[in-house]
Protein chains: 4
Amino acid sequence: MTDTFHASKPIYFQLAERIQRQILRGELAPGDKLPSVREMGIQSSVNPNTVQRTYRELEGMNIVETKRGQGTFVTEDKTVLDVMRNSLKKEEISRFVTGMHQMGYTDREIESGLTDFLNSSREEPKQ
Amino acid sequence: MTDTFHASKPIYFQLAERIQRQILRGELAPGDKLPSVREMGIQSSVNPNTVQRTYRELEGMNIVETKRGQGTFVTEDKTVLDVMRNSLKKEEISRFVTGMHQMGYTDREIESGLTDFLNSSREEPKQ
Amino acid sequence: MTDTFHASKPIYFQLAERIQRQILRGELAPGDKLPSVREMGIQSSVNPNTVQRTYRELEGMNIVETKRGQGTFVTEDKTVLDVMRNSLKKEEISRFVTGMHQMGYTDREIESGLTDFLNSSREEPKQ
Amino acid sequence: MTDTFHASKPIYFQLAERIQRQILRGELAPGDKLPSVREMGIQSSVNPNTVQRTYRELEGMNIVETKRGQGTFVTEDKTVLDVMRNSLKKEEISRFVTGMHQMGYTDREIESGLTDFLNSSREEPKQ
DNA sequence: GTGGTCTAGACCACA
DNA sequence: GTGGTCTAGACCACT
């Protein structure tokens, strides 16, 4: 279990990111029920209110639908999931590029470095 | 200060990475003296023995040189620094790509995503 | 002071509606600072957390901007305010029509009744 | 049950309005017997004297008739009911328009808004 | 059971 | 001072 949180960003935000990743990886499929706020609270050792805040945020992004008295479910709207997939991709890339810039790498170095890496890993697919 | 360490990898390894980054960023220039093991131990709230181990690793990579009785210094050998620069780049890229793969992104998505990102950030460099 | 809340809808929601109305009426102009969450909490005899929830909702609608350490301010974006003006108008009309339907009035009765009322009040503008 | 009263207007008045609405909606048909003052007092958790006052007002408007020893009945006079229907309509409209004016909407906005709303709800009657 | 709201009170970051 | 987060615990509405 990866149930630790960084101190920098709010827990509800990190929890939301984590759930988005689970959906992208297919660990949570469209229509799946998320753990109840109380259960997730225990799993993540976080207050149920914080979990609820997370679910509310995800609902605001239309990534999740909540049905009163039933639970919270991953949306079945493929469009929304596609949008999420793309925005998360952009976020990750932005984070990566920012880090590389901080270490002094130029755009050209990053781009050629990535191309080289992908090519070489394609030639020797195993390890 | 970024003085926290992840639990996954050994501290000495993370410390070494951090110092390499400082060199890449220019915060530590070739010929600069590193803090003493004791001082670095305090700064990073880490055991001096761990710092010692870090310096030893860096010396093995020819990134730093230890002069008995004087301290530890960043190498002035540009070749070594260049090698380090490239191997660290590759490491970072590898880490990034692995993460993206875990989230289900394909090589093509990563490559085009990066290209798009760099292009768009070039058009609107600030804000 | 109209500081009472109905039991049917959540307080944070009613508070948000009230603030929107104040903006529409011009009691709160674009750029104006809202009372701090604590002060508003006292004014409305509501918990500061509830006020914050209200402000967060309003921010989500781009009706309000919050500046950390400074306060919460009515947006100066006229477009957003216009959108709000229109959506609130539609809401009010919907509420009115629903009520009239419940009392058995037909669309035609409502429409002609309104026209008649407006015409007669135009002829005798006072009282 | 909608058995709450606002603080602004007298309870007997609000009770009278509520009964008028019930008649308009057909929940109370011409000739129907109203609950006894005692019973209505319990139903609405209001003092029987207040109910008495309500019935007296309604009788003054010829909306109900009291038959000694039998009870209070909705009038069968269609004309009176029609008048009531119209005056209540006007009241509701007046209340609505006043509210809209307070929020800064012009007569034109109200009128066109209503027309638009009715048209759009006619096209998509459900949902 | 489920989620939703609200309170009270604590601690943090920003300015 | 400001808003933002988090917790603990209570009560509600829906099923």
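Chain letters run A, B, ... following the sequence lines, proteins first, then strands; residues in each count from 1.
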Chemist: For DNA chain F, produce a single dot-bracket line, 5' to 3'. Pairs: Watson-Crick or G-U wobble, both distances under 3.5 Å. Symbols: ( ) within strand, [ ] crossing, | other strand, . unpaired.
Modeler: ||||||||||||||.
Chemist: Are side-chain heavy atoms of B:Gln20 and B:Glu91 found at a separation under 4.5 Å?
Modeler: no
Chemist: So, is C:Ser36 near the phosphate of F:dT2, with a side-chain N or O under 4.0 Å from OP1 or OP2?
Modeler: yes
Chemist: Between CG of A:Leu88 and CG of A:Leu81, what distance do you get to the nearest 0.5 Å?
Modeler: 12.0 Å
Chemist: Within less than 4.0 Å of OP1 or OP2 of E:dG3, is there a side-chain N or O belonging to A:Thr66?
Modeler: no
Chemist: What heavy-atom pair brings A:Leu114 and B:Ile110 nearest, and what distance separates the two atoms?
Modeler: CD2-CG2, 4.1 Å
Chemist: Does CZ in B:Arg38 sit with more than 12 non-hydrogen atoms of other residues, nucleotides or ligands closer than 6.0 Å?
Modeler: no
Chemist: In whole angstrom, what separates C:Glu57's CD from F:dG3's C1'?
Modeler: 16 Å
Chemist: Could you walk me through whether A:Glu39 and A:Lys33 pass salt bridge (charged side-chain N to carboxylate O under 4.0 Å, His left out), step by step?
Modeler: CA-CA 12 Å; A:Glu39 193 183 323; A:Lys33 183 179 176 302; 5.9 Å; no
Chemist: Would you tabulate the pairs of protein nitrogen or oxygen atoms and nucleotide nitrogen or oxygen atoms of nucleotides 5-7 of chain F closer than 3.5 angstrom?
Modeler:
residue : atom : partner : partner atom : Å
F:dT5   : OP1  : A:Tyr12 : OH           : 2.8
F:dT5   : OP2  : A:Arg53 : NH1          : 3.2
F:dT5   : OP2  : A:Arg53 : NH2          : 3.3
F:dC6   : OP1  : A:Ile11 : N            : 2.2
F:dC6   : OP2  : A:Tyr12 : N            : 3.4
F:dT7   : OP2  : A:Asn47 : N            : 3.0
F:dT7   : OP2  : A:Thr50 : OG1          : 2.5

Chemist: Could you give the NZ-to-P distance, from C:Lys33 to F:dG1, as a whole number of Å?
Modeler: 12 Å
Chemist: Taking the side chain as C-beta and beyond, is there a heavy-atom pair between A:Tyr12 and A:Val46 under 4.5 Å?
Modeler: no
Chemist: Hey, does A:Asn86 have a side-chain heavy atom less than 4.5 Å from the side chain of A:Lys89?
Modeler: yes
Chemist: Please check: side-chain N/O of D:Ser120 versus main-chain N/O of D:Phe117, any donor-acceptor pairing under 3.5 Å?
Modeler: yes
Chemist: State, yes or no, whether a side-chain contact exists between B:Ile19 and B:Met40 at a heavy-atom distance under 4.5 Å.
Modeler: yes
Chemist: State the CE-CD distance between C:Met103 and D:Glu92, to the nearest 0.5 angstrom.
Modeler: 4.0 Å
Chemist: Please tabulate the protein-to-nucleotide N/O contacts below 3.5 Å involving nucleotides 11-15 of chain E, giving atom names and distances.
Modeler:
none

